[in-house]
Amino acid sequence: MKILLSNDDGFRAPGLVALYEALKDLGQVDVVAPEHNNSAKSNALTLHSPLYVNQAPNGFRYVNGTPADCVHIALTGLLGYKPDLVVSGINNGANMGDDTLYSGTVGAAMEGYLFGIPAIAFSQVERQWAHIESAAQVARELVQQLMHSHSTEGLPWLLNVNIPNRPRAELKPLRVTRLGRRHAAEPVITQVNPRGETMYWIGSAGPAKDDREGTDFHATHLGHVSLTPLHVDLTEYPSLSLWAQRLEEGAA
Ligand code: MN
């Protein structure tokens with residue numbers, strides 16, 4: 001089993017270190033992660049400045065780019081082999097509902113998926129890494145389970161896993177969920193810098209709007225580990241005929 005490991009919080013993040021420690025004896029695990037925090041960078045690629053790869057004393061390789069850059073570089077030349085699995089995380093904070101569109105953690109996993117490799121994004125629901133060992137243990141158990149069921153062979157897939165911050169014994173079983181929705185983000189925050197210029201800070205993500213039963217929000221709120229299979233095709237299929245009809249009417 002060859003695993004490529006990345007994240008969006010940067011190569012020093014406790015969530016990445018804990019995940020590496022939990023997975024390292026399951027096979028060959030190579031880490032290629034961003035040098036700095038790249039949360040909310042989604043699938044962004046760096047096209048207009050050079051990328052450099054360096055190696056930390058612990059063997060982790062780090063890149064002055066985005067999470068997707070890291071996985072892209074790894075898969076297109078740096079590793080020199082095709083991993084069986086791409087794992088991203090463990091993120092410092094939830095990636096549920098609309099978060100998945102912004103998330104660099106999901107973006108790193110999605111880059112693997114786009115290259116035809118099964119991929120998992122792991123996030124811990126509340127920030128600050130409480131019970132990070134517990135989340136890493138859950139990640140290890142899931143990867144082992146997928147290995148034993150030969151799930152990494154055949155078609156690629158993309159899983160988004162959110163783990164409540166609880167001791168392992170207090171975590172409820174894994175639930176397969178759909179994405180919920182969030183309310184619009186909180187208002188932008190403005191401050192004035194020492195030179196009298198106005199600075200704008202993007203506000204926090206909104207609270208859950210759709211957290212009904214069956215969603216990732218609902219499951220994690222109850223203490224379950226949430227697993228949502230994702231796909232990449234954003235086409236709204238039920239609206240195809242509606243839009244064709246509208247355009248036809250406009251042309252008449
Ligand atoms: Mn992050």
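Just follow the structure's listing: the first ligand is 1, and inside any ligand the first atom is 1. The first residue in the sequence is number 1, and the count goes up from there.
- Rounding to 10 degrees, one finds that the Mn ion (ligand 1) sits at the corner of an angle of 100° between Asp8 OD1 and Ser39 OG.
- Asn91 lies close to the Mn ion (ligand 1), since one of its N, O or S atoms is found at a distance under 2.8 Å.
- For residue Ser103, no N/O/S atom approaches the Mn ion (ligand 1) to within less than 2.8 Å.
- With Asn160 contributing its side chain and Thr228 its backbone, the two residues share no donor-acceptor pair below 3.5 Å.
- In terms of hydrophobic clustering, with Ile, Leu, Val, Met, Phe, Trp and Tyr side chains grouped at heavy-atom distances under 4.5 Å, Leu158 and Leu85 are assigned to different clusters.
- If you look at His231 and Tyr113, their ring centroids are not closer than 6.0 Å.
- Closest N/O/S atom of Asp9 to the Mn ion (ligand 1): OD1.
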Criterion side-chain contact (heavy atoms from CB on, under 4.5 Å) on Met1 and Thr152, from CA distance to verdict: CA-CA 9 Å; Met1 184 81 172; Thr152 56; 3.9 Å; yes
